[in-house]
There are 2 protein chains.
Amino acid sequence: MALSAERRQRILDAATDVFCQSGFGRASMDAVARGAGVSKATLYNHFASKDVLFQAVVEQVSGRFIAGIDTPGRKDQPIRQSLEEIGREFLAMLLDARNLAAVRLIIGEVQGNPEVGQKFYHAGPEKALKALEAFFVSRREAGEWTASDPQRSARDYVAVLRGNLFWRALLGLPVDSTTVERHVRQAVSLFLRAHGVEG
Amino acid sequence: MALSAERRQRILDAATDVFCQSGFGRASMDAVARGAGVSKATLYNHFASKDVLFQAVVEQVSGRFIAGIDTPGRKDQPIRQSLEEIGREFLAMLLDARNLAAVRLIIGEVQGNPEVGQKFYHAGPEKALKALEAFFVSRREAGEWTASDPQRSARDYVAVLRGNLFWRALLGLPVDSTTVERHVRQAVSLFLRAHGVEG
DNA sequence: GTCTATAGATCGATAGAC
DNA sequence: GTCTATCGATCTATAGAC
């Protein structure tokens with residue numbers, strides 16, 4: 001007999017797969033139960049309804065969007081190189097097939113349930129923005145960044161980083177990895193030129 | 001008796017509302033028929049299946065994303081002013097509640113049906129990009145724009161223009177109009193500074 | 001072409017045994 | 001807590017009358 005916590009996690013993982021693959025509307029609780037290897041009664045013992053299960057899936061998924069911004073060991077690099085590293089990690093995370101599927105799932109439910117999208121934004125992307133803001137603050141204190149508003153710097157950089165690539169990826173257009181690498185370098189260059197850093 | 005073409009359009013409009021409001025999965029053909037004021041049999045006489053109806057909705061909706069870029073009468077303005085006007089129109093279109101709902105609908109269906117998103121991109125946003133590219137070409141011929149790659153200029157400008165605002169709006173976060181106006185001016189400034197135009 | 005009525009399948013959720 | 005079996009509702013799609 002599996003422990004209850006393990007079972008709950010198995011159900012949650014199966015639900016994430018099913019919801020991301022089919023969307024909330026098409027996803028069936030039968031498919032979730034089958035994927036988790038439990039009966040529907042057990043499923044409903046852990047999650048009272050399909051909506052509750054969906055909420056739990058979104059909460060779990062949000063955590064994947066806070067990755068790889070303020071990793072250590074960047075203090076000794078020129079800011080261009082740091083921004084490129086951050087950009088590569090950030091964009092790889094955004095373009096990961098599983099994360100793209102999760103974002104599509106959430107966006108698809110926003111119209112009928114705006115709170116889902118708002119919770120996701122606050123639990124995921126917004127925290128990544130805060131981390132990037134902290135990066136610009138520390139670089140400003142080190143005298144390597146002169147822009148006065150780190151929050152705006154963070155916002156602008158992620159916006160340039162997403163660029164048109166993320167928009168295309170969201171809509172299902174193919175994205176190859178060499179394009180991503182070129183995109184990151186061009187994004188950093190655009191962002192730095194806008195702040196008076198030539199290269 | 002309404003003409004067939006009128007009825008078809010009524011059904012299509014009702015279907016757009018229902019799909020955008022509920023998403024494909026939750027939307028029911030009963031609701032579409034009710035919204036259009038016809039019976040389900042009539043509905044199925046015009047559209048063979050729910051999928052066919054959805055395709056038609058997406059095609060119709062795509063046209064709303066080609067608006068307001070190469071409008072006439074901008075030849076005598078400084079490029080900053082032209083870009084701000086284009087940006088205002090473009091962003092107002094993107095942030096329009098009906099268009100946001102449509103984009104959410106389409107993105108939500110990409111996972112299960114990638115062609116839908118690709119068709120939408122090619123029929124809508126890509127054409128807007130082409131129009132913006134033509135704008136930069138004409139400005140370059142007039143000697144008012146020096147960047148060598150108009151395609152990239154167009155891509156970069158729409159990316160900066162969407163910024164973080166469109167991402168937040170997609171996720172259902174509130175967007176007030178004074179924020180939009182400030183966003184447009186900041187986006188144009190960032191874009192122009194990156195191209196060596198100070199202001 | 002348009003209607004009413006309904007078939008046939010599937011879904012979310014639950015009852016009751018163990 | 002977990003299972004099997006099933007209820008009642010709802011959905012897509014169609015049959016048949018007009």
query = Between B:His46 and C:dT2, does any side-chain N or O lie under 4.0 Å from OP1 or OP2?
reply = yes
task = Check the distance between C:dT4's P and B:Tyr44's OH and give it to me in whole angstrom.
result = 16 Å
ask   = Taking the six-membered ring for Trp, are B:Phe136 and B:Trp145 parallel (under 30°), tilted (30 to 60°) or perpendicular (over 60°)?
value = tilted
request  = Kindly point out which of C:dC3, D:dG1, C:dA15 is positioned nearest to the side chain of A:Ser4?
outcome  = D:dG1
query = Among residues 23-40 of chain A, which contact DNA chain D at a heavy-atom distance under 4.0 Å?
reply = A:Val38, A:Ser39
query = What is the distance, rounded to the nearest whole Å, between atom CG of B:Asn45 and atom P of D:dA13?
reply = 14 Å
ask   = Is any NZ, NE, NH1 or NH2 atom of the basic residue among B:Arg185 and B:Glu181 found under 4.0 Å from an Asp or Glu carboxylate oxygen of the other?
value = yes
Within residues 19-33 of chain A or reaching into it, pairs that qualify as side-chain hydrogen bond (donor to acceptor under 3.5 Å, both in side chains) - sequence neighbours excluded = A:Arg26-B:Glu109, A:Asp30-A:Lys40
message = Can you confirm whether A:Glu115 is buried at CD, in the sense that more than 12 heavy atoms of other residues, nucleotides or ligands lie under 6.0 Å from that atom?
response = no
inquiry  = Please report the distance, rounded to the nearest Å, between CD in B:Glu6 and C1' in C:dT2.
reply    = 16 Å
inquiry  = Does C:dG1 have its OP1 or OP2 closer than 4.0 Å to a side-chain nitrogen or oxygen of B:Arg8?
reply    = no
message = Does anything in residues 147-158 of chain B form a salt bridge (charged side-chain N to carboxylate O under 4.0 Å, His left out)? List the pairs, not counting sequence neighbours.
response = B:Arg152-B:Asp156
inquiry  = On DNA chain D, does the nearest nucleotide to A:Leu43 precede the nearest nucleotide to B:Asp51 from the 5' side, or the other way round? Give the residue.
reply    = A:Leu43
ask   = Of the options A:His195, A:Arg139, A:Glu84, which is the one that meets A:Ile79 in a side chain to side chain contact (heavy atoms under 4.5 Å, CB included)?
value = A:Arg139
